[in-house]
Amino acid sequence: MTLLRLILEELKAIVADKAIAVTLFGGVLFYALLYPLPYLNQVPTEQALVVVDLDNTSLSRELIRHADASPKIRVARGAGSVAEAQHYIASGDFHGLLVIPAGFKRDLLLGKGATLSYGGDASYFLVYSALVEGLVTAGMDAAKSVQLLGMLSRGESFAGASLSLAPMHLNAVPAYNPGLGYTPYVVPGLFLLILHQTLLIGTGILGAGQWRKSGYWQQVSALELLMGRLAAFSLIYAALGAFYLGWCYHWYGVSVQAGLGDIAAFIVPFYVATAAAGVAASCLFRRRDMPTQVMLLASMPILFVSGFVWPLSLIPEPLVMAAQAIPAVPAIFGMLKLNQLGAGFDAVFSEWLTLWVLALVYLALAWWGLAVRQREVDRPGIPKQA
Amino acid sequence: MKTLLRRELGALWQNPWQLALVSYLPILAMLALWWLFSAALPRQLPVAMVDLDNSSLSRELGRHMAANPVVSPISFASLPQAQDAMNRAEVYALVVVPHGFSRELKTAVQPTVDVRYNGQFLLVGKLLAANLQQAIADAMKPLAYSKQLARGANPHQAHINIAPVATQTTALFNRNNNYVGFLVPPVLIALWQLTAMLVFANALNRELEPAARQEAIGMLPKLGAKLLCYTPLLMLQGLFIHALLFGYLKLPVAASPLWLIPAMLALLLAVFLIVAVIFLLMQESARVVSFCTALFAPAFAFMGVTFPVHDMPAAAQYWRLLMPSSHYIDSHIALVSYGVSGMELLSKNLSFMPFFLLLLPIGLLARKGLKEAQS
């Protein structure tokens, strides 16, 4: 059988297998829509806030208006006491609390200083940070106007007063993902993981379904079968990868910094290593429903160990080391540097090398596994179920 | 029923994978996930510091940053080097103290300090931005204070002039912003739901085997036996999660976690009903597992813990309702954080009710029985 003919046979087997087709085409398309769906609005806005205004003066009302004007906060209701406010928060509909103490305006005008209390529901990380950011800004604005008024009343010039309050200017800006959106944060890593997992599952089901049955995979050598299988899946994943990294990134507003050449050069060893690992793993399965199960359970640990959700420097060293054996882990981190942070190819050289080493190791394992499985069919009396 | 149960347990005993799924495998995965997040509080995150001024004031700024527990400043001689480190994700933020910083401060020209933080690593970036601003503001306080004194304010008044409105921020329910308390419970629940889905799917798929097809037992009794057999085993895993979180890790909990047991049972029941419908519709083992996986794999994203539910688009909010874990996590947070009463918590479980409508298609499909075996 020629290699071209083998690749065609492989592609036919992949498309004809409904379970593989569901995973490869259905799953990849479905996940592209479903996973980013919760995050489409990008940033949490208008968190519901309960205000306890014990002062009830023009200044306290101005402060509340300042808070309400912040895009991150919506002043949802007032409460007569802190206890009442806590009751509202416990209902789960409100996530923040602002307490303006009695005598707030008087103390400030007398130059005595006053304390504002903020509370945020820290059960939800983004809700909390949005609330605190909004409240701190509103509080600072109010403080500024009070300070300025006081200093001007003491006869200082406007320019001098503002300068002595803020001796320097702090220019804090996010580099990369300038909108601090949640989709550009999650999508790059997640989509590579989806490509990785579905490729492993696809090769896994195909193999697990074929062992101990006769077919075209028996008529070629193990090495030929491996090459044909890699070629067939690479063709499919070249298209799926282009769809994810091109069209979807564009659609979801993910920054794309690297050129096509760099991306291609980086993704080739990722695909080869993953497909080879999938073929090698498929030799361990005899039941077609097993690969999906194993890969599914592994997905969440792989996602969190790849270093874009939770900083690598905080993950225990043995976990980080062990994770390097999973092609998705160096691939996600490398691609993030290459495509999102815009580092040059030399910055991802070590990841690129890791992927090639993994590719060689898994290719050898896959070759050996296929040879074992191909011999198996001729032997009578093999156990029936795994 | 007894014979049916014995049949299930026998099948379980002969299936090493299923046995692993109901016992050690999810437990190991859960422990691994907890280990991964065990640092709990992000600390000592590397930040590039480029000091182009190199004065006593700029060094003072560096010391203030080093004193912040979240920041670990690393000195870079030049801006391009620091930018390169930032692009390589070796540092998560970059602080540039401009040339002439000290002179401008003293001559009353407002100098600009640039802070760039990595927004691609959202969690780390936001944390660093807040802490760097805090550290720099603290470093500037003595200067503003001495300027006030120079202008003739008395020391007490100078303090108040600098910051007339003091603020006190409290993180409610998770006092020190512990990430183990915030992230690990939903992650483990998501993993538990996946395990339950797989266990039920495997148990049902067994009925597709030729030997099982020949037995003269109705589909409904078989379904009942599977539910009775596997629910207690899966409950034990769920209880292990709570023992780990509240018993071993001693995460704060506002009421007795035992009140969560009805919600856990409801979750398992809902998962079972969904899997049973898919099984009866598909009737091919790999497809059943693939389809259930497609449905349940993204459950974590829809729980609304990492990204608030009310900021999700409407489609996501509806899809969320299809996930039993979303209903469960609401009860979980209500109990753990807000300490709602047991009765209120039980009434929250009513949100699981629509899942019982699935009994209707299950009854219809089960009466039709299984299709002829495909080879």
Side-chain angles (χ1 to χ4, degrees), chain A residues 18-19 22-23 27 30 34-35 37-41 44 90 108 113-119 121-125 127 129 132 139 143 146-147 163-164 167-172 174-177 180 182 185 205 288-289 292-293 296-297 301 304 311 314-316 319 337 340-343 347, chain B residues 29 32-33 35-36 39 42 87-89 105 108 110-120 122 124 126 129 133 136 140 143-144 147 160 164-174 177 182 191 194 198 285-287 289-290 293-294 298 301-302 307-308 311-313 316 333-334 337-338:
Chain A
K18 280 194 197 161
V22 164
T23 309
F30 182 63
L34 191 65
Y35 263 109
L37 183 61
Y39 313 129
L40 286 185
N41 292 339
L108 282 179
T115 304
L116 287 175
S117 304
Y118 310 142
D121 186 346
S123 320
Y124 302 93
F125 168 72
V127 172
S129 76
V132 171
V146 171
Q147 276 174 312
L163 201 64
S164 86
M168 54 164 277
H169 176 63
L170 184 63
N171 182 23
Y176 330 109
N177 188 10
L180 291 177
Y182 209 81
Y185 159 60
I205 299 181
R288 285 162 41 81
D289 56 347
T292 313
Q293 302 196 21
L296 175 62
L297 285 182
F304 290 123
L314 298 179
I315 300 174
L319 278 181
K337 287 198 275 185
Q340 273 69 55
L341 306 187
Chain B
L33 279 171
W35 194 30
L36 210 153
N87 287 341
R88 289 164 176 264
L105 273 180
Q110 210 180 22
T112 299
V113 170
D114 281 303
V115 173
R116 296 286 176 274
Y117 55 96
N118 193 332
Q120 186 65 47
L122 195 63
V124 180
K126 282 187 134 184
Q133 293 187 23
I136 292 171
M140 288 299 106
L143 196 72
K147 281 198 173 173
I160 290 173
V165 180
T167 57
Q168 183 193 347
T169 310
T170 318
L172 303 169
F173 315 125
N174 184 0
N177 268 304
F182 149 73
L191 192 68
L194 287 180
L198 292 179
S285 61
R287 242 179 294 158
V289 172
S290 287
T293 299
F302 285 88
F307 195 83
D311 281 308
M312 291 181 190
I333 289 174
S337 296
Y338 314 141

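Here is how names work: the chains are called A, B, and so on, in the same order as the sequence lines, proteins then strands, and each is numbered from 1. If you're wondering where the values come from, they're calculated on a predicted model, not measured in any experiment.
- Atom OG1 of A:Thr292 and atom CZ of B:Arg287 lie 12.5 Å apart (nearest 0.5 Å).
- Looking at A:Asn177, its side chain never comes within 3.5 Å of a backbone N or O of B:Gln120 through a donor-acceptor pair.
- A donor-acceptor distance shorter than 3.5 angstrom exists from the side chain of A:Asn41 to the backbone of B:Asp311, with no hydrogens or angles considered.
- The shortest heavy-atom contact between A:Ala343 and B:Arg88 is CB-N, 4.4 Å.
- Contact of the B:Pro308 side chain with the A:Tyr124 side chain is not registered, since no non-hydrogen atoms from C-beta on lie closer than 4.5 Å.
- Here the straight-line distance linking atom CG of B:Leu191 with atom CG of A:Leu297 works out to 6.0 Å at 0.5 Å rounding.
- Annotation: side chain of B:Asn118 is in contact with side chain of A:Leu341 (closest heavy-atom distance under 4.5 Å).
- Chain A forms more heavy-atom pairs under 4.5 Å with one residue of B:Pro111, B:Ala32, B:Ala129, B:Ala29 than with any other, namely B:Pro111.
- Between A:Leu296 atom CG and B:Leu198 atom CG the span is 5.5 Å, to the nearest 0.5 Å.
- For the pair A:Pro301 and B:Leu33, the tightest heavy-atom approach, listed with the atom from each and the gap, is CA-CD2, 3.9 Å.
- The candidate from B:Leu105, B:Thr112, B:Leu122 with the greatest count of non-hydrogen atom pairs under 4.5 Å with chain A is B:Leu122.
- Contact of A:Phe30 with chain B is made through the side chain alone, with heavy-atom distances under 4.5 Å.
- Contact annotation for A:Ser117: both backbone and side-chain heavy atoms come within less than 4.5 Å of a heavy atom of chain B.
- By the 30° and 60° cut-offs, the orientation of the rings of A:Tyr182 relative to B:Phe307 is tilted.
- Contact of B:Leu36 with chain A is made through backbone and side chain together, with heavy-atom distances under 4.5 Å.
- The two residues B:Gly119 and A:Leu180 make their nearest non-hydrogen contact at CA-CD2, 3.7 Å.
- To the nearest 0.5 Å, the span separating OH on B:Tyr117 from OH on A:Tyr176 amounts to 13.5 Å.
- Of the two parts of B:Ala334, neither the backbone nor the side chain holds a non-hydrogen atom closer than 4.5 Å to a non-hydrogen atom of chain A.
- Taking 4.5 Å as the limit, some side-chain heavy atom of A:Asn171 sits within range of a side-chain heavy atom of B:Arg116.
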